[in-house]
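What follows is a set of notes on a single structure, which appears directly below.
This one's a predicted model, so the numbers in the text were calculated from it and none came from an experiment. Worth knowing before you read on, the calculation uses all heavy atoms, side chains too, and leaves out hydrogens, waters and symmetry mates.
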Amino acid sequence: MRFSKMLIPTLREIPADAEAASHILMLRAGYVRQLAAGLYIYLPLGLRVIEKINKIIREEMNAIGAQEITMPVLHPAEIWQETGRWFEIGDEMFRLKDRGGRDMCLGMTHEEIITWLAVREIRSYRDLPQIWYQIQTKLRDEARPKSGVLRTREFLMKDSYSFDADEDGLERSYQLHADAYHKIFSRCGLKFYMVESDPGMMGGATAHEFMAPSQAGEDEVVLCASCGYAANIELALSSPEKIEVREWEFEEVYTPEKRTVEDVSNFLKLGPEYFIKSILLISNEGPVLALVRGDQELHEKKLNKIIGEHRPAQKEEVKDILGVEAGFIGPMNHKIRIIADICLKEGVYVSGANKPHYHAKGIRPGRNFTAEWHDIHIAKEGDVCHKCNGTLKVERVIEVGNIFKLGTKYSVPLKALYLDEKGLEKPVIMGSYGIGPARIAAAAIEQNNDRDGIIWPKSIAPFDVEILPLNMKDARTKEVAGEIYKDLTDKGIEVLMDDRDERAGVKFKDADLIGIPTQIIIGERNLKEGLVEIKDRRTKETRKVKIEECKISL
RNA sequence: CGGGGCGUAGCGCAGCCUGGUGUAGCGCACCUGCCUUGGGAGCAGGGGGUCGGAGGUUCAAAUCCUCUCGCCCCGACCA
């Protein structure tokens, strides 16, 4: 392609409302334009990248026997009502009515629709297993679209669904996807981790996410370098660092106006890890006291799984329920349910004395209070791996893919049944698997850029090579550029030629910004010796080669 | 939905606090001509704005007040 004939509107300055590197660079390098919050137009270069990614996805999906189909974006409400999600999902679903007044919605995912299809087309165990996929637009009315293409209201997703006769079959389909995903993300040049994740409302027991490390990400993962444990921080287990046990006898200490762990810790000159933080919460079944070590944070989501929906108690409620004002609460002598973090099970601690302006020292779990023991703290950098005693690392990541074991969550309500060998009717066992191509592109940029612009992995770059004829007014330059362009193109190499009548500096800047991995620089100086330069975008290294060797050297 | 910020030419911004400087300004981009061609050149000339929108205060509003719409960031949410 010729640059002069292509819409590549590069920007010199950083757009005011972009912050993430990928967002800034996609705008500056002319890959995308924003229509409205969370809605993007892909320009020619952007589209080429997405299609490169989609091609890789298709190849790997087809390789595991998945079959591509395509489903509508507009869905009738009835089917979503049958699974209950029409009612469970709130404002995030775009809803509308058709001219007949029927409720409709825009597809945020396609479990319902694919299951509708399975209901009709799968009848016998002989029809199983099946993997069907599509690369389709999804619409979600996100509360807060952000970071350019990383979180949008309309986006492309590769979603696949597996149908199996039993759990073993599902395990095989799940594994096939995990393997295919590894290949896809590797081929796209991403650094990534596969981590345990919370199945959430997708249902089912097992789920994993594919996470590309980047500061621009919205998630955090916990990683153990020694045993390979990897989990989303939403469910990651860990053991806080062990502390030396102090053999204090129980005593009450006067701590005037010292209410926070920090205050008391400074006042008593004792590290926060020797404190028990007591937090009163109100669940649907009444008040619950949650206990974590003073240097730890309570993990709301973990607690949610134990006590259900809850909210923090108000100051007056603390006094009413525990008989003491907030700041001096301790775990002793309460009749309400107490959930304590496992790391408190051993040791001797300091906590509120349930008495204004007093804390109690020498509190022993088991003796001074009892509790239900659970992991309810947020794992953090430096914690001990609960599997191997290694040291944990926490990293910020972009979710680029996920895989879920759904089981019968959709096949039962929608009656996707098959007849087994004995003629018994059974629900199909399902899995659901997603990949966001735009997130792959954005993550690739986040992981591969420098001061000058994007550095695409070769596999997903919009072009393989960019030719820079530095002076288009020079006949020899033009001639050689034309020859090399034709040569490479004939060999099947995708070439962008900057044939604009621009000064050399402009072409260099734009080429670095756009980030095509290899540049061929054609300047009059080198041409006199029959040479052109080949430059690697990543390393900036150049080497001079003879014109005729140009294609061989790539 | 809660908190914060911002809407002035295609892009980036100044002007607003303290209303009035005459035709609303600067840089880049754009158009014409000359010149130039190895890291976003130079000179000369030129086009482009209902100052997000509506209402109000005032002799006078980009500037003050009210409402409203949009965008970004933090948080909540995220199938």
Side-chain angles (χ1 to χ4, degrees), chain A residues 9-20 23-24 27-30 33-39 80 83-93 105 107-113 138-148 150-153 155 157 159 161 197-204 207 209 216 218-219 232 234 300-301 304 309 311-312 399 402 404 406 409-410 432-434 436 451-453 468-474 476-478 498 500-514 519 521-528 531-533 535 540 542 544:
Chain A
T10 57
L11 267 23
R12 237 174 240 240
E13 284 174 282
I14 297 175
D17 34 326
E19 211 152 277
H23 191 195
I24 291 171
L27 288 168
R28 281 196 61 209
R33 285 295 180 261
Q34 183 178 19
L35 173 65
L39 298 175
W80 285 83
T83 60
R85 287 163 113 189
W86 177 265
F87 310 102
E88 286 163 29
I89 296 167
D91 292 339
E92 213 175 325
M93 181 184 268
C105 64
M108 30 199 325
T109 176
H110 281 76
E111 280 80 13
E112 276 78 359
I113 310 305
K138 301 282 185 267
L139 291 124
R140 297 181 185 178
D141 198 357
E142 289 287 347
R144 186 150 89 83
K146 57 179 289 199
S147 306
L150 279 175
R151 191 167 200 81
T152 56
R153 295 192 291 175
F155 59 98
M157 184 192 252
D159 45 325
Y161 305 89
S197 73
D198 187 345
M201 281 183 65
M202 287 293 274
E209 288 164 330
E218 300 181 83
D219 288 290
N232 192 309
E234 286 178 5
E300 297 287 347
K301 283 198 171 157
N304 218 347
E309 290 296 316
R311 60 169 175 88
E399 181 186 349
N402 53 44
F404 292 93
L406 296 177
K409 176 168 167 138
Y410 298 93
S432 149
Y433 317 86
R451 209 172 53 254
D452 297 313
L468 308 184
L470 296 184
N471 182 2
M472 286 303 286
K473 293 232 165 71
D474 178 60
R476 180 69 182 142
T477 299
K478 244 174 120 168
D498 193 346
R500 296 174 301 169
D501 184 19
E502 288 286 355
R503 297 170 60 84
V506 174
K507 295 191 181 190
F508 284 129
K509 288 287 184 191
D510 275 345
D512 287 349
L513 184 58
I514 289 166
Q519 301 172 5
I521 299 160
I522 303 171
E524 290 171 86
R525 244 167 30 201
N526 288 320
L527 235 35
K528 284 185 187 130
L531 300 172
V532 296
E533 259 171 290
K535 180 174 154 191
K540 301 268 170 89
T542 64
K544 293 180 186 178

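- Among B/C77, B/G40, B/U37, the nucleotide with an atom closest to any side-chain atom of A/A143 is B/C77.
- Looking at A/D512, its side chain comes within 3.5 Å of the base of B/G39 through a donor and an acceptor atom.
- Nearest to the side-chain atoms of A/R12 among the listed nucleotides B/A79, B/A29, B/G39 stands B/A29.
- Atom CD1 of A/I14 is separated from atom P of B/C13 by 10 Å (rounded to the nearest Å).
- Closest to the side chain of A/I89, from the set B/G12, B/C71, B/A79, is B/A79.
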Quiz item: When you look at A/E19 and A/K146, which way does the salt bridge (Lys or Arg N to Asp or Glu O under 4.0 Å) test go after all the steps?
Solution: CA-CA 9 Å; A/E19 211 152 277; A/K146 57 179 289 199; over 6 Å; no
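- A side-chain donor from one of A/Q519 and A/D512 sits under 3.5 Å from a side-chain acceptor of the other.
- The nucleotide whose nearest atom lies closest to any side-chain atom of A/K473 is, among B/G12, B/G40, B/U37, B/U37.
- Straight-line distance between the C1' atoms of B/G5 and B/U23: roughly 33 Å, to the nearest whole Å.
- Remark: the separation of the C1' atoms in B/G40 and B/G53 is 37 Å, to the nearest Å.
- Without hydrogens or angle criteria, A/R153 side chain to A/A37 main chain gives a donor-acceptor distance under 3.5 Å.
- Between the P atoms of B/A61 and B/G22, the separation comes to 16 Å (whole Å).
- At a threshold of 4.0 angstrom between heavy atoms, the contacts of A/A36 are confined to the sugar-phosphate backbone, with no base atom among them.
- Heavy atoms of A/D510 sit under 4.0 angstrom from at least one base atom.
- Searching all strands for a Watson-Crick or G-U wobble partner of B/C77 with both distances below 3.5 Å returns nothing.
- At least one side-chain heavy atom of A/D159 sits under 4.5 Å from a side-chain heavy atom of A/K138.
- Atom CG of A/D17 and atom P of B/U8 are 10 Å apart (whole Å).
- The side chain of A/K146 contributes an N or O atom lying less than 4.0 Å from OP1 or OP2 of B/C74.
- In this structure, A/R144 atom CZ and B/G2 atom P are separated by 14 Å, rounded to whole Å.
- Rounded to whole angstrom, the span from the CD atom of A/E524 across to the P atom of B/G39 amounts to 13 Å.
- Annotation: B/U68 and B/G20 have their C1' atoms spaced 29 Å apart (nearest Å).
- Comparing A/N471 and A/A16 along RNA chain B, the residue whose closest nucleotide (by nearest heavy atom) sits nearer the 5' end is A/A16.
- Comparing A/K509 and A/E218 against RNA chain B, the residue whose closest nucleotide sits nearer the 5' end is A/K509.
- The nucleotide B/G25 finds its pairing partner in B/C13, both defining distances of the Watson-Crick or G-U wobble pair being shorter than 3.5 Å.
- Nucleic acid contact class of A/P9 (heavy atoms, under 4.0 Å, all strands): none.
- Without hydrogens or angle criteria, A/R140 side chain to A/M108 main chain gives a donor-acceptor distance under 3.5 Å.
- B/A44 and B/C26 are spaced 14 Å apart, taking the P atom of each and rounding to whole Å.
- Atom P of nucleotide B/A76 and atom CZ of A/R311 are separated by 19 Å, given to the nearest angstrom.
- The P atoms of B/G46 and B/G25 are separated by 14 Å, rounded to the nearest whole Å.
- Of all nucleotides listed (B/U36, B/G12, B/A79), B/U36 comes nearest to the side chain of A/R503.
- Using a 4.0 Å heavy-atom criterion, one finds that A/D91 contacts no nucleic acid atom at all.
- The distance from atom NZ of A/K535 to atom P of B/G38 is 15 Å, rounded to the nearest whole Å.
- In a base pair of the Watson-Crick type (N1 to N3 plus N6-O4 or O6-N4) or a G-U wobble (N1-O2 and O6-N3), with each distance short of 3.5 Å, B/C6 is matched with B/G70.
- For B/G42, the paired base is B/C34 (Watson-Crick or G-U wobble, both distances below 3.5 Å).
- A side chain to side chain contact (heavy atoms under 4.5 Å, CB included) with A/P15 holds for exactly one of A/R33, A/Q34, A/R28; it is A/R28.
- Checked by atom type and distance alone, the side chain of A/K507 pairs as donor or acceptor with a backbone atom of A/P469 at under 3.5 Å.
- At the heavy-atom level, A/T83 lies nowhere under 4.0 Å from the strands shown.
- Proximity of a side-chain donor or acceptor of A/Y161 to a complementary backbone N or O of A/H110 within less than 3.5 Å is detected.
- Across the protein-nucleic acid pair, A/R500 atom CZ and B/A29 atom P stand 13 Å apart, rounded to whole Å.
- Spacing of P atoms, B/C13 relative to B/G19, comes out at 27 Å, to the nearest Å.
- Judged by distance alone, with hydrogens and angles left aside, A/E502 brings no side-chain donor or acceptor close enough to the base of B/G40 to form a pair under 3.5 Å.
- A/D198 places its CG atom 14 Å from the C1' atom of B/C77, with the value rounded to the nearest Å.
- In the set B/A79, B/C71, B/C11, B/C11 carries the atom at the smallest distance from any side-chain atom of A/E13.
- B/U66 sits 16 Å from B/C6 when the P atoms are compared, rounded to a whole Å.
- Donor-acceptor pairing under 3.5 Å is lacking for the side chains of A/T477 and A/N471.
- Picking from B/G38, B/C71, B/U37 the nucleotide with the shortest atom distance to the side chain of A/I521 gives B/G38.
- The side chain of A/R140 approaches B/A79 more closely than any other nucleotide in the set B/G40, B/U36, B/A79.
- Using a 4.0 Å heavy-atom criterion, one finds that A/E19 contacts the sugar-phosphate atoms exclusively.
- Of all nucleotides listed (B/G40, B/C71, B/G38), B/G40 comes nearest to the side chain of A/T10.
- Neither OP1 nor OP2 of B/A79 sits under 4.0 Å from any side-chain N or O of A/R85.
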